[in-house]
Amino acid sequence: MLTNLARFAMTRPRAVLVAALLLMIICGGFGATAKSHMVGGGYLTPELESVQANDFIDKHFPGGNPNLIVMVSTDAGVNSPAARQEAQSVTDRLTQDPNVTGVQSYWTNLTSRPDLATALRSKDSHRGLIMATILGTDNEVQNRAVALSADINGDREGVQVRVGGMAGSFADINHQVEKDLILAESIAVPVSGLLLVLVFGSVIAAALPLMVGFFAIAATLGILRLMTVFMDVSIFALNMTSALGLALAIDYSLFIVSRYREELGNGLDSRAAILRAVQTAGRTVVFSGLTVALALAALAVFPQPFFKSFAYAGVAVVAAAVGAAVLLLPAALILLGDRVNAWDLRKPLRRLLGRGERTVVRAEDSGWYRLVSGVMKRPVPVAVAVTAILLLLGTPFLSAHFGTPDDRMIGTFASSRQVGDAVRGDFNANMASSAVVVLPGFHGSPTEIRDYATALAKVPGVPAVLSSDGVYADDGTGVRKVAAGISQMAGPDGAYLSIGTRESPFTEAGKTQLEALRAVPAPGPVLFGGAAALNKDTMDSVISRLPLAGAAIAVITLILLFLFTGSVVLPVKALLLNVLSLTATFGAMIWIFQEGHLAGVLGFTPTGSVDMFMPILMFCLAFGMSMDYEVFLLSRIREEWLASDRTPEANTRSVALGVARTGKIFTAAAGLMAVVLLAVATSEVTAMKLFGIGLALAVIADATVIRALLAPALMRLMSTTNWWSPKPLAALHKRIGLEETPTDHPTPIPQQEPALTKQ
């Protein structure tokens, strides 16, 4: 199939490239509006108890579970005329909006509800809160929050107005992610282009991976926009899948173009060299893309739209990158021919530096060959030392603490972050973290509500409980009713109570408090909602699916690598090495982002926990990318092994030659991918920093420590056992495995050693 695709592209190269250009323009134009159709969250699913509790309140008690907080601040005090006037203006704006309900503020409750007014006033009386609920779907809520933020945010006559809450946070994050994407691509594309010139020497050769990368970015935007028609797509997919498409397109193009230039150096003409490159490196690219796509597809086992959007978008983006690499490159290469090596900038640079012409050395004389040969002379010490170092780096992962993201994900320049920081530190109760208890269908007496509210108020860290019967709090002598209740908190469909809290919902103290609240005997069936309950329910939902996702990835990897190599040993080795590499990477991420050791340098706020969604997403992506280099390396080692006499000495030589002929390429590919990922890490959103830095470290460690040291050491220790498979499986592989038959060779390959350029 690959041969036929290459021949088709070479027969009609201009038609293929023009069609690709038109498709890129269509996808880019269609996908330009993708951001406005994407959701900021995607972490919740309808079956969660906390979601059902919040939905019940939204349906039967509109405004009872606010998602919008507006903070009015002034040094003159919240009771100053300027503060009152600005607060009234904001309240009128919200009240008149048909998509906003349940508007309450410090100022409107001063006389009617002094207890509630106290909760909505900061300790120093310089800040007051207005709370409301924006109605609609997740996408509608965030778009309406964007419009409200634009109208309300600002500084007027010494009064600061800032919009926050869950709706405000998602609006700020969405806006920042869109800005960060532009910045990341403006960094990644030119830097990648410069590095490609250094790798290839030729400007023309360097332009080919970028061409495929541009196509992948445009295709990604079109794919994401199309997906928003059928499902919720996380806003984070905008940056992540764009980076993935660009990185993989450059990687795959680098593999194919490098092999094409190698075959030209071996004496093949352009047509034969293209066919040979597609049949070897192209075959590896297709297999690698399949591995990455299936690793991402495992995310579909999680019910959250966040994961599903990455599963579907990731598979589509990988397919676009692979398709572009194996179809567009043959069309471009046949038109270029030998001119692929044109505009070699290293020649004038060498003359400028007074250096002579480049010398050509055999693979056996290269630095990579000497390095790997040295490793395989001492395989046990190398394997033990590298493994010990990786495990040591992974030890911080043992103390990992996971949570769901909040406004601290974004920098202090964002209004939602400013509101969140103030609510957490300057108010007696964290109104954004208040828990709600729903009693659906409850028709009991006020006495039952009173007794339940009193018991809830006795839980440590609860300053007050608000119910239809009254406000209950500890006044120093015990829990008692300190103010009248709100009759609207009970109705024909049930009742609910609002529980103030001094604990952060994402800490161990917050979890302990939630367990204590749930343990209080209730007068009927209850549903717990609020930030702490959402966090706990979401974590439980994700953790319950982890074994299934892990098993799916492991089984997929073992099957695909068996089909690729015909061995049952190499797939197990690859799986163990990937897990070991990722353990070290995740340990580093916990040390940096949870413990906050580089918070000042990287510009983020440590919260004592890590967003659980990111490590899972990173694991699937990093696992797939690690397999990318594993497949690329094994394909060349296997070529040497199949051409050898299959002895232990031949195994050692095959490993050394395989690394020598691919080392420069996969380290260059890793460097280029790291550039793209680190460009993503320039984001002002902590989750994107974690994603970019974590994956960059994983890719670099895998392409250096794992492929150059640990993998050769283990393959030397296992010797010919590397290629062993039980006879039934060997026969199965011979029938359905991904073998390269002798007829695949377009012309006889010259027998001289492929030359490596010594810089």
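Here the structure is a predicted model, which is why all the values come from computation and not from measurement.
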L466 side chain near Y472 side chain, heavy-atom distance below 4.5 Å:
no

Who are the ring pair (Phe, Tyr, Trp, His ring centres under 6.0 Å) partners of H443, not counting sequence neighbours?
none

Which pairs, with at least one residue in residues 448-469 and sequence neighbours excluded, count as a salt bridge (Lys or Arg N to Asp or Glu O under 4.0 Å)?
none

Tell me whether the rings of F307 and F302 are parallel (<30°), tilted (30 to 60°) or perpendicular (>60°).
tilted

Using a strict cut-off of less than 4.0 Å between a Lys/Arg side-chain nitrogen and an Asp/Glu carboxylate oxygen, indicate whether R518 and D537 qualify as a salt bridge.
yes

Given the rule in the side chain to side chain contact (heavy atoms under 4.5 Å, CB included) test, do V423 and L129 qualify, once you have shown the distances and angles that lead to the verdict?
CA-CA 9 Å; V423 169; L129 301 181; 4.1 Å; yes

Just jot down the side-chain contact (heavy atoms from CB on, under 4.5 Å) partners of A243, sequence neighbours excluded, or say none.
V676, V680

Can you find a side-chain donor-acceptor pair between N67 and T133 that sits under 3.5 Å?
no

Do V436 and N54 make a side-chain contact, defined as non-hydrogen atoms from C-beta onward lying under 4.5 Å apart?
yes

Residues in ring pair (Phe, Tyr, Trp, His ring centres under 6.0 Å) with F604, at least two apart?
F593

Check this for me: M409, atom CE, are more than 12 non-hydrogen atoms of other residues, nucleotides or ligands nearer than 6.0 Å?
yes

Please examine the side chains of S89 and R156, heavy atoms only from C-beta on, and report whether any two atoms are closer than 4.5 Å.
no

Please determine whether the number of non-hydrogen atoms from other residues, nucleotides or ligands lying under 6.0 Å from atom NE2 of H401 exceeds 12.
yes

Ignoring hydrogens and geometry, is there a side-chain-to-backbone donor-acceptor pair from S122 to R127 under 3.5 Å?
yes

Per the salt bridge (Lys or Arg N to Asp or Glu O under 4.0 Å) rule, what does the pair list look like for residues 91-109, sequence neighbours excluded?
R93-D97, R93-D151

Do R84 and N79 come within less than 4.5 Å of each other through their side chains, counting heavy atoms only?
yes

Got more than 12 heavy atoms from elsewhere within 6.0 Å of CD, Q85?
no

Pair listing, salt bridge (Lys or Arg N to Asp or Glu O under 4.0 Å) test, anchored in residues 56-75, at least two apart:
none

Does the side chain to side chain contact (heavy atoms under 4.5 Å, CB included) test come out yes or no for V610 and I590, once each step is laid out?
CA-CA 7 Å; V610 173; I590 295 299; 3.8 Å; yes

